[in-house]
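For reference, positions follow the sequence shown, starting with 1.
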Amino acid sequence: RGLWRDAAAKSCAHWLAWWLKLDLDTARERVRVARKLGDLPPVMEELEGGRLSYSQARAIARVASPENVGQLLELAKEKTAVELEQICRRYGRHLAAEAP
């Protein structure tokens with residue numbers, strides 16, 4: 001919504017770090033996840049409905065696309081946040097290796 005601009009903050013992450021008393025790296029990660037979730041309505045719906053934890057949403061946001069989001073959400077139903085994080089990290093490395 002641009003509230004950080006109104007506060008004359010350097011960036012959204014800087015404003016969030018100040019507002020929530022977070023370290024800057026954590027604030028940057030939260031901004032990254034929020035922006036990605038804007039492109040992934042199914043993940044946002046599950047998170048808002050309490051069927052997905054923030055940790056699970058963060059893991060999915062790292063590797064999700066409109067094509068694979070359904071599969072990742074199915075995995076999230078049966079995996080813990082730690083397990084899902086490990087799966088998404090491996091999947092991310094796989095995607096990076098395939099990239100030209």
Legend entry - Residues R62 and E29 bridged, charged N to O under 4.0 Å: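 Salt bridge between R62 and E29, a charged N being under 4.0 Å from a carboxylate O: yes.
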
Inset, instruction - Before accepting this row, confirm whether a basic side-chain N of the pair R51/E45 lies closer than 4.0 Å to the acidic partner's carboxylate O. - result: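 Here R51 does not pair with E45 in a salt bridge, since their nearest N and O are not under 4.0 Å apart.
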
Which distance, rounded to the nearest 0.5 Å, do you find between the [atom1] of [X] and the [atom2] of [Y]?
{"X": "L52", "Y": "E46", "atom1": "CG", "atom2": "CD", "answer": "6.5 Å"}
{"X": "D23", "Y": "R28", "atom1": "CG", "atom2": "CZ", "answer": "9.5 Å"}
{"X": "C12", "Y": "R30", "atom1": "SG", "atom2": "CZ", "answer": "12.5 Å"}
{"X": "E85", "Y": "I87", "atom1": "CD", "atom2": "CD1", "answer": "10.5 Å"}
{"X": "Y91", "Y": "N68", "atom1": "OH", "atom2": "CG", "answer": "4.0 Å"}

Do you know which two heavy atoms are closest between [X] and [Y], and how far apart they sit?
{"X": "S55", "Y": "A81", "result": "CB-CB, 3.8 Å"}
{"X": "V63", "Y": "C88", "result": "CG1-O, 3.4 Å"}
{"X": "L73", "Y": "I60", "result": "CD2-CD1, 4.0 Å"}

Legend entry - Residues, nucleotides or ligands: over 12 heavy atoms within 6.0 Å of E83 CD: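 More than 12 heavy atoms, drawn from other residues, nucleotides or ligands, come within 6.0 Å of this atom.
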
Legend entry - Donor-acceptor under 3.5 Å (K10 side chain, W15 main chain):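 Side chain of K10 to backbone of W15: no pair is present.
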
Legend entry - Main-chain N/O of S53 paired to Q56 side chain as donor or acceptor, under 3.5 Å: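 Such a contact is found between Q56 side chain and S53 backbone.
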
